[in-house]
Amino acid sequence: MKKQGFIKVLLFLTTPVFILILVTGCWDYVEIESRGYVLGIAIDKANPSPSKDEYLSKRDMDLMELMEGRQKYAYTIQIPIIPRGLIKPYGGATGGGEATQKRTWDLTVLGHSFFEANREFSTKLDYPPFYEHLKVIVISEEVAREGITESLDMMLRDHEVRRRTRLFVSPQSAKSVLEVVPNIDDYASLYLEKLPHNVHKTSRMSHITDLGQLSQNIHSQVDFGLPRIIATDTEIKSAGTAIFKEGKMVGWLGELDTYHGKWVRDGVEGGILLIESPFAKDELVCLQINTSKVNVRPDIKDDRITMNIKGKSTMTVVEVNNIMQDYAFDSESLDIFGQAAKKKLEDGIKETIKYVQENYGADVFHFNVAIQRYAPSTWDKIKDNWYEIFPTLSVDVNIDIKVLDTGLVK
Amino acid sequence: MDSRNFFRRKGSASKIKIHLNRNKSDEIEPLSLSLKDNLNKLKTTFEHCEDLVYRKVSSKKSNVDFLLVYFGEMIEKNTLNNNILKYLIHDIDGFSKRKSYEYSKFIKASLPVSNIEEVTDYNSIIGPLLSGDIILFTEDCYCALIIPAKTSDERSIAPSATERTIRGPQDAFVENINKNIHLIRKRIQDPNLAVEFFTLGHSTNTNIALLYIKGIAKNDIINKIRLKISTIDSSSILASAQLEQLIESHKWSLFPQTLATDRPDKLSRSLLEGRAVIIVNGTPFALIAPVTFAMFFNSSDDYFERTIVTSTIRIVRYICFISSIFLPALYLAMTSYHPGMLPTPLALYITGARVGLPFPSLVELVFMQFTTEVLIEASVRLPKAIGQTVGIVGGLVIGQSVVQAGLVNPLIVIVVSLTALATFILPVYTFALSTRILRAIMIIAAATFGLYGIVIAGLFILIHMSSIESFGIRYLEDFSPYSLSKLKDTLIKAPHQYINRAPEYLNEKNNDEV
Amino acid sequence: MDKEIKLKDINMLAFVIQTMIGVRLLTLPRDLVAIASNDAWLSVVVAGLLALIIGYCFYWLGVKHRGLNISQIMEVVLGKFIGKIMQLFIFAYIILSIGLSARTFSDSIQLFLLDKTPRVLVILIIIFTCVYCVFKGLKTISILLDILLPFIIFFLILLLLLASTNMDIDNIHPVLYRGITPVLSGYVEIVHPYLGLGVVGYVMPYFTNPEKTKKWVFTGVFVVTLFYVAIVLMCIMVFGSKEINELVHPTIILSKTIELEAQLFERAESLFITAWIPITFSTMAVYYYASVLNLKAFLGTNRHNLMIYIQIPLIIIIALFPEDIIKAYHYLKINSYLALLLSIVVVILPFISIIRFRKGGVKT
C-alpha cells in the first residue's frame, strides 16, 4: 500500500512536468509547407570576383558580406515553386496549368563557404532551406579544375544531405543546367537525378557518382571520374566523364572512352557493342550486353607490374545491318561474332587506358586499389611514387564474350 | 428442464446464505404457526409494496387455510391458476389423515409444480419472494413452501446483434441466466462442466453463474476468479459490465481484461480451451476470463471459414489495429518532423495540398479526429434509419465541404477515415473503443517528439500491456515464451485438428510443468 | 514477489540477444576498423568465440550456485570483501554503460531525428521509460523483449539486405595482411557490448529449469555474433576500411547509402534510427534491472523500488556529464576496460569456485 502511495506522488509530481513539456515543446515541429526543399545545388565560379566594397555600393542581391575568405564561388540552390491549391477539387486546377509559369526558384549567393552561403539564403528566402531532398549537385568545370573538396565538405558533414545525392560536372555554367525547363518533369533537378537510371540502356554515362562514393574516393585517396552533363534550354545530356586527379579535375573523357573505362571498373550494367560484321565488309552488327563481370588483378614479376584485366560477358545480337546477311545459324557463327566483339572491345579498352595514362596520369581505373588489395606488400613499396609508375603500367586485357542469342530472326 | 433442476437447488442454497449476510445476523427466525402472524410480519417487511399480493384460500374438501404471497406482476398466471389455486381449492384431499406439521410436506408432494422448496426460516423466504416465486403458508404448519412460478415473458433467443457471423450459429444469449446456461449445456454435454452460482449485490440480488470445465481449466485460475467474485462487496450489479470492472485487477488500464460476448459458440469454445465464463442474470453479455490480447482479434467467423482465408484476415486485423493507433500520428510525424523520409514527389505533393491552408496540421488532424468521433457516437446511438443519414451527412457533406472550404488538407481526411475504418474491423467493440484513446496519446506524442515520441509512447503501451495480467495469465502470454503451438490460434489460425488442444498455459494437465 | 517469477528456458534467447545488441553497434565498426582495419570482422568472430566461453561461465556459475545471481555468487566465491569490491565494479560498469548508452543514443537521435529538442529531454524520456519497465518487474521485461525481438531482427536483416545492393566484396582484401595481432586487440572494443551476456548471471535464478537455458545462451551468442559480423562486414564491404575511419556513425551511414528505386521511402537512416530506439531501450532496461539486483546484493537490502529510484539521478548525471562527443567516447573506452576486467574475473570465477567448494556441496 505504501508503494502505491509513492507512485501516486511520483505521478502527481511528473504530470505537470510533462504537461509543461507538451505546452512548450514541439521544438522540431515545422509544417511541411514551410520548408524550402532544396532539390539541386549548382556551384559556379564567381566570375569576375567583385572587389571588397562593391557589395555595399552595388545593389546586387547575390552579393554578401563575408566573414572570411573572398567571393570565390557562386552557389545556386533550386527550390520548387508549388502553386497554391495544387490539388484543390475546385478552383485550384486553373492555377497549375500554365506552361509559362516559373516552376523553380533559383537563388544565387556569392561566397566562399557553402554553409555561410546557406545561411545567407535565409536572408532572401522565407522558407528555411531544407536539404533532405537534395537530389543533385552540379559543378562547373572551372570550379572542378580548382578542386571540388573545398566546396563539398559541408555536404559530406551535414546530416541532412543524403549520401545518394548525385554529382555532375558541366563544361558550361552549372546554374544554366539547373535553369533548364524540362519537357516532362517539373524540375530540372528531378530530371537530372533520374538520368543515371538509364545506365541499363547505355554505358556511355558514368553512373556511380553520388556523394558517398565521392567521399570514399577522397578518403581513400584514389582518383575518380564524375559524369559530364551538357544542357540546352529544355534538355540535359549526361555522357562522358570528367577526370579527377587528387581531387582536382584534369580533363574530360569522351563518350566512348567512358564506355571502355566502365568496362575496366566493372561498371557496365547494360548497353551495346557495335562491331563490323565478320562475315561481310561494311556491314555492322549490334550486340546488346546482357551480363558482364570484370576483375582487375595485379601480376607482379620481378618488380614489373602488369595489370590483368579479365572478364566475361554475354551478349545478344540485336541488330544486323543487312537483313539478308548470310551466315549459318550455328554456334560456330556465334563464336565468330564473339571473337570479333572481343577483339574490338579489348582494343578499345587498351586504347582508352593508354590515352588516360599518357594524357592525364589519373588512376581512374583504380589500379592502385587492386594492388593494395591483392599485393599489399608491393603497394607498400611503390605507394610513394605511384603517379610515376602508373603511366608505365602494362595492361593485359582479356575479356571473353559469348553471343547467346540472335533475337527473333536468325 | 433437466438442466434447470440441476442448478435450482444449488442456487437457492447460496441465496439463503447471502440473504443471511445481509441481515447481519445468523440467528434463524422461525415462521409462525398462525397465518395471521406471518401475514402481519410480511406486511411490516414489505410496507410500501402495493404490488405484493396476499391471497387467502381455503381447501374446500379439507377446510385448511392457506396464504399465498407473491408479486402479482412477476408470476406466471397460468401456473398460479391451474396448478396451484385450482389444486389447493378443489382437488387436494387427505389433510385430515395427517398432522398439521406434515401439511407442507404433503402439499409439496402433491402439487403439480416442480422444484418446490420447504423452508422454516422467515428470512429465507424474502429472497425468493423478491425474485418472483410464490410463497405458500399453511395454517398450523411451521413450514412455508417456495413455489417457483416466475413469468417467462422474456425475449426469445435471437441472432446476436453485436457480433454477426455469416456461417456461424445464429443464436445468442438473452437476459435470462437459465436460458443462457441452457444454451451452453446444449453445446457442451459433459458432466465436467461445472456451474457455480453466486448472488451478488445487496439491493439487486443478482444471480451470477461461474462456468468452467473441470479437468481442463486450471484450478489456480478458477480459484482466483471465485475469490474475486465472492469478495465483491457492492450494493448493485445490474449488468456484466459492472462485474467486469469489479473483478479485473487493472482498473485504470485501457485494455479490457475480460471479454464480453453474447455468442454461445464463442463462450463454449473458451470453456473448452480452459477458460471460465461468468454469466450475469439480466445481461445477454457473458464474460470470458482469463483473456489474452490475441483473443480480441478472433471473430466467431474465423472458426467457420477456411484456414488460409482466416489467417490472412487475422493478419489484416493486426495490421489494422496497429495502423488505427499509429496512422494519424505517423502522418503528423512524417509531415511535420521528418519530411525527408517521404519520397520527394510525395513530399512535394503534400506540400502542394497544404499550401495556403490556415491551420497547422496538428489542428487539422485533431479537428477531423474529433469530427469522426462525433459521427461515430451519433450513428451508434441513433435509430438505424437515421444512423445512415448521419453517415451520409458526415462522410460526404462534412468531409467534402471541409476540403472545399480550404480548411483541411484532403490527405488528412483520407488518413482519418482510413483510421476509422481500420478500427471497425476489430471484432470486439470494447477493444476497438480503447484504440481511440491510444490514438489520441500517439497524436500527442507525435506532435511533441515526432517519430521518437511515437516509438517511446508505443514502448510505454507495450510495457503496460506486458505488465497487466488477467487472473494470473499475462495479457501477452500468447506471444511471450515463444512456442509454435501458441501461434496456431493467434496470429494465424491453423486447421481445426491442430488447435483442438487447449493452450498450454490454461491447461490443467501441464500445471506442474509451467 | 520476485521469487514468484518463473521464466521458461526459451526466454533466455531474447535476454541474451537484446542485451548484447545495443546502441554501441552504431559506432562499433569504426572503433574496430581503427584497430584491425579490413580484418575487423575477424575480431568479431574471435570475440564471438570468447563470448561463448564467458556465456558458459555465467551459465555454469548460475547452475552451480542455484538461486543466486552473479553479484551474490561473487560474494560467496571470492569472499565478502573482494565480493563487495567486485560488486562495486559491476555497479560502476553498469551505471556507466546505461548513462553512456543514453548519451550516445541521444546524440544520434539529435543528429538524425530531433534537431533542436533539448538533449536532456531525450535522455530523460528514455530513462523514465526504462524505470517504468524495470518497475514492472522481470516477467514484464521478459515479455517485452520477446515481443521486440522479431521486430529488431527483422530490421537488422532489412538493413543488411538493403545495404547489400551497394557492397563490393573485394573491399575485404587484403585479408590478415597485418597479422593476427590487430584482430585480437580489437577484442577490447567489442568486449563491452559482449559483456551484455552478464544478464545471464542475473536472470538465471528466475528460470524454472536453469540447466535447459544453455542451448539458448549459445544460440543467442551465435545469433548476436552473426549480426555483428554481418554488420561490420557489410560496413567494410560498402565503404572500405578507409572511409569507415572517417565516419562517426558507420552503421547509420550504412543505412544512409540505401536507395530504393521504388521510392517507397527516402532517408532510410531515419527509419533505422527509429528502429534503434527499442534496441537501445531494451539493452538499457535489462542493464538497469541487473543493476538493481547488484545494488540489492551490495547493500544487502530487499527494497526493490528504492534501488530503482536512487539510480535515476546518477544515470542522468553520467549521461549529461561528457561535454562533447569526444569525451563521451573517451569514457566509453574506460568502460570498455572495466568490461574487460569483469570478463576476466568471470572466466576465472568458476575455477576458484571449483577449488573452494571441492569438498562438500555448495551452500546456497
Side-chain angles (χ1 to χ4, degrees), chain A residues 4 7-8 11 18-40 79-93 95-96 103-104 127-128 130-136 158-162 164-165 185-187 189-191 193-194, chain B residues 251-252 331-365 396 399-414 440-441 443-453 456-457 460:
Chain A
Q4 296 251 314
I7 302 165
K8 266 174 199 156
L11 273 178
F18 274 101
I19 289 172
L20 274 179
I21 290 172
L22 294 182
V23 171
T24 58
C26 314
W27 293 266
D28 288 289
Y29 187 97
V30 179
E31 285 296 338
I32 189 166
E33 78 276 15
S34 41
R35 300 186 198 242
Y37 296 97
V38 179
L39 295 180
I79 290 177
I81 297 172
I82 293 156
R84 236 178 129 89
L86 190 66
I87 46 172
K88 296 277 159 56
Y90 297 112
R103 291 172 188 163
T104 58
Y127 303 98
F130 180 69
Y131 291 92
E132 286 189 9
H133 283 290
L134 178 62
K135 295 286 179 194
V136 293
D158 196 77
H159 61 90
E160 274 189 8
V161 179
R162 305 168 336 130
R164 306 302 291 187
T165 304
D185 282 276
D186 281 337
Y187 318 108
S189 305
L190 295 187
Y191 169 33
E193 191 241 347
K194 278 184 250 166
Chain B
K251 297 183 175 27
W252 291 97
Y331 172 84
L332 194 64
M334 287 291 193
T335 57
S336 304
Y337 276 87
H338 320 287
M341 284 177 80
L342 300 168
T344 311
L346 182 62
L348 294 180
Y349 182 79
I350 297 176
T351 312
R354 287 263 327 141
V355 169
L357 293 187
F359 299 115
S361 297
L362 178 61
V363 175
E364 284 182 11
L365 196 57
L396 292 177
Q400 184 132 6
S401 50
V402 137
V403 172
Q404 275 174 28
L407 289 177
V408 169
N409 166 6
L411 277 163
I412 293 228
V413 179
I414 295 171
I441 294 173
I443 291 177
I444 293 170
T448 339
F449 292 105
L451 265 182
Y452 181 61
I456 290 288
F460 256 97

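Chain A is the first sequence line, chain B the second, and so forth, proteins listed ahead of strands; every chain is numbered from 1. Basis for what follows: all heavy atoms, side chains included, without hydrogens, waters or symmetry-related copies.
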K.L.:
For the pair A:Tyr37 (side chain) and B:Ala347 (backbone), establish whether a donor and an acceptor sit closer than 3.5 Å, ignoring hydrogens and angles.
P.N.:
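No, the answer is negative, given that no donor and acceptor are paired below the 3.5 Å cut-off.
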
K.L.:
Would you mind telling me which of B:Pro339, B:Gly453, B:Ala333 has the largest number of heavy-atom pairs within less than 4.5 Å of chain A?
P.N.:
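If we count pairs closer than 4.5 Å to chain A, B:Pro339 comes out on top.
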
K.L.:
So which atom in B:Met341 and which in A:Glu132 form the shortest heavy-atom distance, rounded to 0.1 Å?
P.N.:
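B:Met341 and A:Glu132 have their closest heavy atoms at N-OE1, 4.4 Å.
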
K.L.:
Measure the shortest side-chain to side-chain distance between B:Leu342 and A:Ile32 over non-hydrogen atoms and say whether it is less than 4.5 angstrom.
P.N.:
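The answer is yes, as the side chains (C-beta and beyond) meet within the 4.5 Å cut-off.
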
K.L.:
Using modelled atom types and a 3.5 Å cut-off, is there a donor and acceptor pairing between side-chain atoms of A:Glu31 and backbone atoms of B:Ser361?
P.N.:
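Yes; judged by distance alone, with no hydrogens or angles, the pair exists.
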
K.L.:
Side chain from CB out, backbone as N, CA, C, O: work out which of these in A:Arg162 comes under 4.5 Å of a heavy atom of chain B, or both, or neither.
P.N.:
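Neither part.
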
K.L.:
First locate atom OG1 of B:Thr351, then atom NE2 of A:His133, and finally report the distance between them rounded to the nearest 0.5 Å.
P.N.:
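It comes to 8.0 Å.
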
K.L.:
Check whether more than 12 heavy atoms from other residues, nucleotides or ligands sit under 6.0 Å from atom OH of A:Tyr127, and answer yes or no.
P.N.:
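No, the 6.0 Å shell around OH holds no more than 12 heavy atoms from other groups.
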
K.L.:
Which heavy atom of A:Tyr29 sits nearest to which heavy atom of B:Pro360, and what is that distance?
P.N.:
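Nearest pair, atom of A:Tyr29 first, then B:Pro360: OH-CB, 4.2 Å.
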
K.L.:
Is chain B contacted by the side chain of A:Tyr131, its backbone, both, or neither, given a heavy-atom distance below 4.5 Å?
P.N.:
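For A:Tyr131, neither part sits under 4.5 Å from chain B.
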
